[in-house]
*Asks:* 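One structure is given below, represented as structure tokens, and several questions about it will come after.
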Amino acid sequence: MGHESSVPLFWRLIKPRYQLIGTKCKTCGNVFYPPKYLCPVCRKEGKLEDTKLKRTGKILTFSIVRSAPTGFEKEVPYPVAIIELDDGPRLTSQIVDWKEGDLKIGRRVEACFRRIYTDGKEGIINYGLKFRPV
Amino acid sequence: MKVAVIGVGTTNFGENWDVNLRQLAIEAGTKAILDAGIRGRDLDAIYLGNMSAGRFIGQEHVAAMVSGELGLSIPAMRIEGACASGGLALRQGLLSILSGQHDIILVGGAEKMTDLMTDGVTSSLMGAGDQEWEAYYGVTFPSLYAMIARRHMFEFGTTREQLAKVAVKNHHNGSLNPIAQFRKEITIKDVLNSPMVADPLTLFDCSPITDGAATLILCKEELAKKYTDDPVYIIGCGQASDTLALHDRRSLTTLDATVKAAKDAYKQASITVKDVDLAEVHDCFTIAEIVATEDLGFCKKGEGGKLLDEGETEIEGRIPVNTSGGLKAVGHPVGATGVKQAVEIVLQLRGQADKRQVKDAKIGLTHNVGGSGATAVVHIFSR
């Protein structure tokens, strides 16, 4: 990141990133998010289809980033977390709209649509889902 | 299986502003060639561990660059597996000898990191994680390991002080190592009071940004005695992979790739964990050493903190860990680290580790991890 990349790099993942669309394997029944392109359990016997996931889950672990990568310098400090969705899959994102005491393992959270970062001075603004306590 | 290590060499590790990647690789390479008592023309191939020269200095194709600088036209290839690049280069070199293709080879690891500003280095290192599903959201490597630490504290009651003890021990060992970036003792208080990088990890929980290179000369078993009276042998190796993203793993507190790589390495070496006299493990962050000591089997799962409390991993302890000072104090030039770990074990087994020497060390282990655990490689060495 920090490079000004071409738009398709971001555009092709809009659906899963904005709408929380993962994949479900019709063979084994496993639900994946981020979406898979091959079922890692069934491989050639796998049959993947898109599936929209519930926007709620809980914090499994978290940290607060204080030394930022390129593009996030103005955001520090910001909390990041691994979240287990109620549908099962786990993902990594930021926690927003939090108060003292919200950052704890097991805290219930829900997805909300937010700006993530801008790709350099002239690059596009990237959006996606962050999570807020409920 | 047995492959001999007949030569070792390293540069000083640190912020080596006055030298470039070429100079680092050549310095470590020529030291190892001289140590082995061979000539450059005896080499059959070069395997070079390097994670990210393209991002750090804008240079790809670095193995050919090194062979060119050495005036050699032999096969030279770069091996990349993030922070495990050095360990993977060693494994590939090992396999090339075992296959019968090569007799004597050079395994190098080199990284030049200080030519980029800190935010650029942070972003480049995040290339070891999942760009689309971790880095996109502003996650950094310190914060990934911080999330492992937070979960480890939650599941096993590991304390903030126990994390700090890794840094204190490794800085002590580093103070005895002339190549280390940090050669000063620190206290638990120093670790706790240093600036927060990614809660709960502070600056002194993190390995630094480092320039450095390390080299080994390997040869097939039958040739070893021609060059040295006391070769060190590699007797086991295991490598395993896991998902790129931490969130996709079965566990957030065990690196399954480490467990599998270690199991395969112990089996190949026909030893058990009890036979290991000392180990260099991948302590890119303090929590990583605690998790590694558990996953390698030095203690039960969840008891890595207790192992530190009891002093078992100190140089005089039952199973000394990171006698070199580890990534924490020697520094972590990402592609060089796996090779540097092997250099320390060879010095220990030769009895040349000076003030860091572990008494009667016969079997040593190296453990090198890529990313947050997507790659792990374990080597076992014997006198």
Side-chain angles (χ1 to χ4, degrees), chain A residues 1-3 5 9-10 12-13 16-17 22 30 32-36 40 57 59-85 89-96 103-106 114-117 119-120 126-131, chain B residues 54-55 116-127 129-155 194-203 205-206 209 241-253 285 287 372:
Chain A
M1 283 187 272
H3 301 285
S5 307
L9 172 67
F10 307 107
R12 74 172 70 95
L13 287 173
R17 276 190 184 143
N30 280 301
F32 302 104
Y33 189 89
K36 296 286 184 194
I59 295 176
L60 286 185
T61 183
F62 65 93
S63 178
I64 301 172
V65 176
R66 294 171 193 272
S67 179
T70 311
F72 292 86
E73 299 89 340
K74 288 179 184 163
E75 313 289 329
V76 287
Y78 55 89
V80 295
I82 291 178
I83 292 148
E84 186 169 274
L85 297 172
R90 297 168 174 186
L91 56 80
T92 302
S93 187
Q94 290 185 24
I95 302 294
V96 291
L103 295 178
K104 61 180 183 197
I105 291 172
R114 293 296 166 96
R115 188 173 73 166
I116 309 287
Y117 75 102
D119 183 40
N126 288 293
Y127 296 87
L129 300 177
K130 296 184 183 178
F131 285 75
Chain B
R55 294 285 297 259
L116 268 191
M117 305 304 282
T118 302
D119 65 329
V121 175
T122 303
S123 297
S124 300
L125 289 174
M126 205 45 222
D130 191 319
Q131 278 296 311
E132 292 178 335
W133 298 105
E134 290 180 325
Y136 183 83
Y137 298 96
V139 173
T140 58
F141 256 91
S143 60
L144 285 173
Y145 275 92
M147 290 196 283
I148 294 174
R150 175 94 58 196
R151 191 72 203 179
H152 203 277
M153 293 161 112
F154 175 79
E155 287 181 21
S194 65
M196 196 63 87
V197 172
D199 312 41
L201 301 183
T202 68
L203 187 63
D205 286 299
C206 309
I209 292 166
S241 309
D242 204 336
T243 62
L244 198 53
L246 175 62
H247 59 235
D248 272 335
R249 309 242 177 91
R250 181 192 63 81
S251 166
L252 298 176
T253 52
F285 298 92
I287 182 63
S372 59

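Quick note on labels: first sequence line is chain A, next is B, and so on, each numbered from 1.
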*Asks:* At a heavy-atom separation under 4.5 Å, does A:E75 approach chain B through its side chain, its backbone, both, or neither?
*Replies:*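 No part of it gets close to chain B.
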*Asks:* Checking heavy atoms, do the side chain of A:K104, its backbone, both or neither come under 4.5 Å from chain B?
*Replies:*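 Neither part.
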*Asks:* In terms of heavy-atom proximity below 4.5 Å to chain B, should A:L60 be classed as side chain, backbone, both, or neither?
*Replies:*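 It is both, since atoms from each part get that close.
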*Asks:* With no hydrogens and no angle check, is any side-chain donor or acceptor of A:D119 less than 3.5 Å from a backbone partner on A:N126?
*Replies:*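 No; judged by distance alone, with no hydrogens or angles, the pair does not exist.
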*Asks:* So for A:I64, is it side chain, backbone, both, or neither that comes closer than 4.5 Å to the heavy atoms of chain B?
*Replies:*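 Both parts, backbone and side chain.
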*Asks:* Against chain B, work out which of A:S67, A:P34, A:P40 has the most heavy-atom pairs shorter than 4.5 Å and name it.
*Replies:*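 Looking at each option in turn, the highest pair count goes to A:P34.
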*Asks:* Working note: B:I287 + B:D205, criterion side-chain contact (heavy atoms from CB on, under 4.5 Å); need CA distance, chi angles, decisive distance, verdict.
*Replies:* CA-CA 8 Å; B:I287 182 63; B:D205 286 299; over 6 Å; no
*Asks:* Check whether the side chains of A:S63 and B:S143 place a donor and an acceptor atom closer than 3.5 Å, and report yes or no.
*Replies:*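 On atom types as modelled, these side chains do not qualify, holding no pair under 3.5 Å.
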*Asks:* Please report the interatomic distance CZ(A:F32) to CZ(A:R90), rounded to the nearest 0.5 Å.
*Replies:*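 Output value for this atom pair is 13.5 Å.
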*Asks:* Please rank B:T243, B:D248, B:V139, B:D119 by heavy-atom pairs under 4.5 Å with chain A and give me the top one.
*Replies:*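 Most pairs with chain A among the choices: B:D119.
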*Asks:* Tell me whether B:E134 contacts the main-chain N or O of B:L246 through its side chain, where contact means a donor paired with an acceptor under 3.5 Å.
*Replies:*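 Yes: the side chain of B:E134 pairs with the backbone of B:L246.
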*Asks:* Exactly one of A:Y78, A:Y127, A:F72 should register a ring-ring contact (aromatic ring centres under 6.0 Å, His included) with A:Y117. Which one does?
*Replies:*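 The ring-ring contact (aromatic ring centres under 6.0 Å, His included) with A:Y117 is passed solely by A:F72 among A:Y78, A:Y127, A:F72.
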*Asks:* Where does A:I82 contact chain B at under 4.5 Å (heavy atoms): side chain, backbone, both or neither?
*Replies:*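 Both parts, heavy atoms under 4.5 Å.
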